[in-house]
Amino acid sequence: MLTTRPTFVFFFLLFLSLPLSSFSQSSNPVYNSFLKCFSDKTKTPQAQNVFSQTNPSYSSVLRAYIRNARFNTSSTPKPTLIITPRSAGHVSAAVLCAKPLNFVFKIRSGGHDYDGLSYVSDKPFFVLDLSNLRDVTVNIADQTAWISAGATLGEVYYRIWEKSKVHGFPAGVCPTVGVGGHLSGGGYGNMLRKFGLSVDNLIDAKIVDVNGRILDRKSMGEDLFWAISGGGGGSFGVVLGYKVKLVPVPRVVTVFRVEQFIESGAVDMVHKWQSVGPRTDRNLFLRMLLQPVTRNKVQTVRATAVALFLGRADDVVSLLRKELPELALKKENCTEMTWFQSALWWDNRLNATLIDPKVFLDRNLDSSRFLKRKSDYVATVIPRDGIESLFKKMIELGKVGLVFNPYGGKMAEIAEDATPLPHRKMLFKIQYSVNWQESSPEIEKGFLNQSRVLHSFMTEFVSNNPRRAYLNYRDVDIGVNDHGPNSYKEGEVYGRMYFGKNFDRLVKIKTAVDPGNFFRNEQSIPTLPSKA
Ligand code: FDA
């Protein structure tokens, strides 16, 4: 599918034949060719928006939105060019100018891809960095907002809060996550039991397609709009932004965090939670964080219930005393606050009720930890002895934690093919989570292995045929695509796990809108195999 064009070969060989230090930015032929085209098409000199590796700002521009330290090392492959468009026209020109050069074209909004697919490739590549496209326009009169791909969720929440204290938007809990990747991959947050995923609340979108056209929902058509409502970024075009429906939130919400350990009844609590979390009042999102820890010199598992209740503390306390007495929730565990403050609280801000809301405009540039994530879905309750054996396994492995995120409510009412994300009728989703501080290949190998062992251990308890995974918890362990002759087969492996039967429709749309597979990454949607 990927053709190696003569222009590319010429530039690439020339580029490789010269040591990096031997040319400045202006003597780099790829840079010159791209810059000339980009400046011509936008009718403005564009040197300030195109960075080659010899530009003094190159490293800081690249690192600003690297959110996983595993991909921020001296041996991590680096893009030949980084392009930082400032308008839709720039994005269109960048696509048209990059196409003939035939580099892999990575698109980055917030840079939170867990496996770094927006800014790493083992083939020569460019990065299109959308962090300058960050407008958020909130319209309370019709309860909508246009949110640009390069905006962060924190900016979205802040801009809504500026205009209204009784509106919100259902999306993720980390404020630095980018709109572009988050919404194109589904968007999961603590209001999903009441309002569904972010993509269940879309009205319109803008995209630049492979021909550089700027399209809205009407001009792109319902198929492509459907595909970018959860079918993943990086396969269909460059998403410029989405128009979303705001949702009503009460003036007062309640949050709490309550811990139990194996010794204090965590096994029973987690076992019972499986029947309560996904079935309780849809105003309640009750997450379980499971972590192996040492307590009083004894290895144990800590189960932390973390909750958002769209209502008052008294009501959630009486609800859970009845439905989940094992939690032993007391009113003093609860804090009432505004919805916006709850977003700060979920971001682990101390004093969420006192802190300056503007912290959500802070992008925390160039900050990252070493991490690995994986995912699973659970369709039937794990028996009590299964929870017990899971805790034992977590202690034995020592580091990997699990997050149980309840489904049910609105999620279960949405058809599996309404958006590309089919995992609607599940009880809950699991995130496997491991973070570490040390920069060491051995330590990394050990923790990656631990997460794989735990994933394998869970096989008997989780969905199968296919085993499911959540696209936004990117996991290259479940398969990658090198876009050669087996591209479709390779794509089917991870594609069925992420999208189930919806994979077939995604492939058809991909084949129609980008038959040459310009928009591709290690887990993008492949085109249909050509009938030779
Ligand atoms: P990034 O820029 O890395 O892009 C991710 C993918 O989308 C890449 O393949 C990229 O090429 C593509 N892409 C990005 N912008 C695009 C655009 N404009 N057009 C086309 N393709 C584009 N998820 C969740 O559902 N709920 C949560 O609460 C959280 N919390 C969370 C916390 C932290 C700390 C991290 C690191 C991640 C999460 N996530 C999450 C996962 C997150 O939703 C997921 O990684 C998103 O894809 C990140 O979007 P970004 O734009 O930040 O990533």
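In this model, no donor atom of one side chain and acceptor atom of the other lie less than 3.5 Å apart for Ser60 and Ser57. Between the side chains of Asn55 and Ser52, no donor-acceptor pair is found at a separation under 3.5 Å. Side-chain N/O atoms of Arg520 and His483 include no donor and acceptor closer than 3.5 Å. In the model, Asn49 has a side-chain atom that pairs as donor or acceptor with a side-chain atom of Arg86 under 3.5 Å. Counting only N and O atoms by type, the side chains of Arg424 and Thr419 include a donor and acceptor under 3.5 Å apart. Side-chain atoms of Asn481 and Tyr494 include a donor-acceptor pair closer than 3.5 Å. The closest side-chain donor-acceptor pair between Ser367 and Arg67 falls under 3.5 angstrom.
Rounding to the nearest 0.5 angstrom, the gap separating the CD atom in Gln46 from the OG1 atom in Thr84 is 8.5 Å. In this structure, Asn190 CG and Tyr188 OH are separated by 9.0 Å, a value rounded to the nearest 0.5 Å. Interatomic distance, CH2 of Trp339 versus CZ of Arg251, reported as 14.5 Å (0.5 Å rounding). Considering CD1 of Ile228 and CG of Leu183, their distance stands at 10.0 Å, rounded to 0.5 Å. Atom CD of Glu155 sits about 10.0 Å away from atom CG of Asp135, to the nearest 0.5 Å. Expressed to the nearest 0.5 Å, how far CG of Asp129 lies from CD1 of Ile82 amounts to 7.5 Å.
At least one donor-acceptor pair under 3.5 Å links the side chain of Ser184 to the backbone N or O of Gly181. Without hydrogens or angle criteria, Lys163 side chain to Val138 main chain gives a donor-acceptor distance under 3.5 Å. Using a distance-only test at 3.5 Å, with no hydrogens or angles considered, no donor-acceptor pair links the side chain of Ser148 to the main chain of Gly150. Put simply, the side chain of Asp514 gets close to the backbone of Phe519: a donor and an acceptor are under 3.5 Å apart. No donor-acceptor distance shorter than 3.5 angstrom exists from the side chain of His167 to the backbone of Thr144, with no hydrogens or angles considered. Between the Ser92 side chain and the Arg213 main chain, no donor and acceptor come within less than 3.5 Å of each other. Of the possible polar contacts, one joining the Asp216 side chain to the Ser219 backbone as a donor-acceptor pair under 3.5 Å is found. In this structure a side-chain-to-backbone donor-acceptor pair under 3.5 Å is present from Asp204 to Arg217. A donor-acceptor pair under 3.5 Å links the side-chain atoms of Arg134 to the main chain of Ser131, judged by distance alone. A side-chain donor-acceptor contact under 3.5 Å links Lys106 to the backbone of Val120.
Between Trp345 and Val306 the shortest side-chain heavy-atom distance falls below 4.5 Å. In this structure, Phe447 and Leu371 have side chains that are not in contact, with every pair of non-hydrogen atoms separated by 4.5 Å or more. At a threshold of 4.5 Å between non-hydrogen side-chain atoms, the residues Thr152 and Arg363 count as touching. You'll find the side chain of Met426 reaches within 4.5 Å of the side chain of Arg468, heavy atoms only. Side-chain contact between Tyr470 and Tyr377: present, with at least one pair of heavy atoms (C-beta onward) separated by less than 4.5 Å. Residues Glu490 and Pro526 have side chains not in contact (no heavy-atom distance under 4.5 Å, counting atoms from C-beta outward). Asn68 is not listed as a side-chain neighbour of Lys372, based on a closest heavy-atom distance of 4.5 Å or more. Looking at His423 and Leu197, their side chains never come closer than 4.5 Å, going by heavy atoms from C-beta outward.
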| message | Please evaluate residues Asp504 and Arg496 with respect to the criterion salt bridge (charged side-chain N to carboxylate O under 4.0 Å, His left out), reporting the C-alpha separation (whole Å), side-chain torsions for both, the decisive distance (0.1 Å), and the verdict. | response | CA-CA 9 Å; Asp504 298 315; Arg496 297 263 175 230; 2.7 Å; yes
| message | For Tyr65 and Tyr119: C-alpha separation, side-chain torsions, deciding distance, then whether ring pair (Phe, Tyr, Trp, His ring centres under 6.0 Å) applies. | response | CA-CA 9 Å; Tyr65 294 96; Tyr119 54 86; 10.0 Å; no
| said: Apply side chain to side chain contact (heavy atoms under 4.5 Å, CB included) to residues Arg108 and Asp113 and explain how you reach the verdict. | reply: CA-CA 9 Å; Arg108 182 169 77 172; Asp113 192 294; over 6 Å; no
| request: Mind running side chain to side chain contact (heavy atoms under 4.5 Å, CB included) on Lys194 and Phe285 for me, showing each step along the way? | output: CA-CA 9 Å; Lys194 180 136 183 183; Phe285 178 83; over 6 Å; no
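Here the shortest heavy-atom pairing between Ala98 and Phe34 reads N-CE1, 3.7 Å. Counting all heavy atoms, side chain and backbone alike, Gly500 lies closest to Pro422 at N-CG, 3.9 Å. Smallest separation of non-hydrogen atoms from Leu246 and Ala145: CD2-CB, 4.0 Å. Taking all atoms of both residues into account, the shortest heavy-atom contact from Gln341 to Thr353 is NE2-O, 3.4 Å. Nearest heavy atoms, Leu128 versus Val91: CD2-CG1, 4.1 Å. Taking both residues in full, the closest heavy atoms of Ala171 and Leu153 are given as CB-CD2, 4.0 Å, listed atom of the first, atom of the second, then distance.
Of the charged side-chain nitrogens involved, none lies within less than 4.0 Å of a carboxylate oxygen, so that Glu413 and Lys410 do not count as a salt-bridged pair. Using a cut-off of 4.0 Å between Lys/Arg side-chain N and Asp/Glu carboxylate O, Asp200 and Lys245 are scored as not salt-bridged. Between Asp362 and Lys358, none of the side-chain N atoms (NZ, or NE/NH1/NH2) sits under 4.0 Å from a carboxylate O, so this pair counts as no salt bridge. The pair Asp115-Arg70 meets the salt-bridge criterion, with a side-chain N (NZ, NE, NH1 or NH2) lying under 4.0 Å from an Asp/Glu carboxylate O.
Between Phe38 and His90, the angle of the ring planes goes over 60°, which puts this pair in the perpendicular group of the 30/60° scheme. Ring-plane geometry between Tyr114 and Tyr473 is classed as perpendicular, the angle between the planes exceeding 60 degrees on a 0 to 90 degree scale with a lower cut at 30.
Atom CD of Gln437 has 12 or fewer heavy atoms from other residues, nucleotides or ligands within 6.0 Å. Remark: Lys165 NZ is packed, more than 12 non-hydrogen atoms of other residues, nucleotides or ligands lying under 6.0 Å away. With a 6.0 Å radius and a threshold of 12 heavy atoms from other residues, nucleotides or ligands, Lys508 has its NZ atom at or below the threshold.
Only one option out of Lys429, Gln431, Arg287 pairs with Asn405 in a side chain to side chain donor-acceptor pair (under 3.5 Å); it is Arg287. For the side-chain contact (heavy atoms from CB on, under 4.5 Å) with Pro79, the lone residue among Phe51, Phe126, Phe103, Tyr58 that qualifies is Tyr58.
Ring centroids of Phe340 and Phe360 are separated by less than 6.0 Å, placing the two rings close together.
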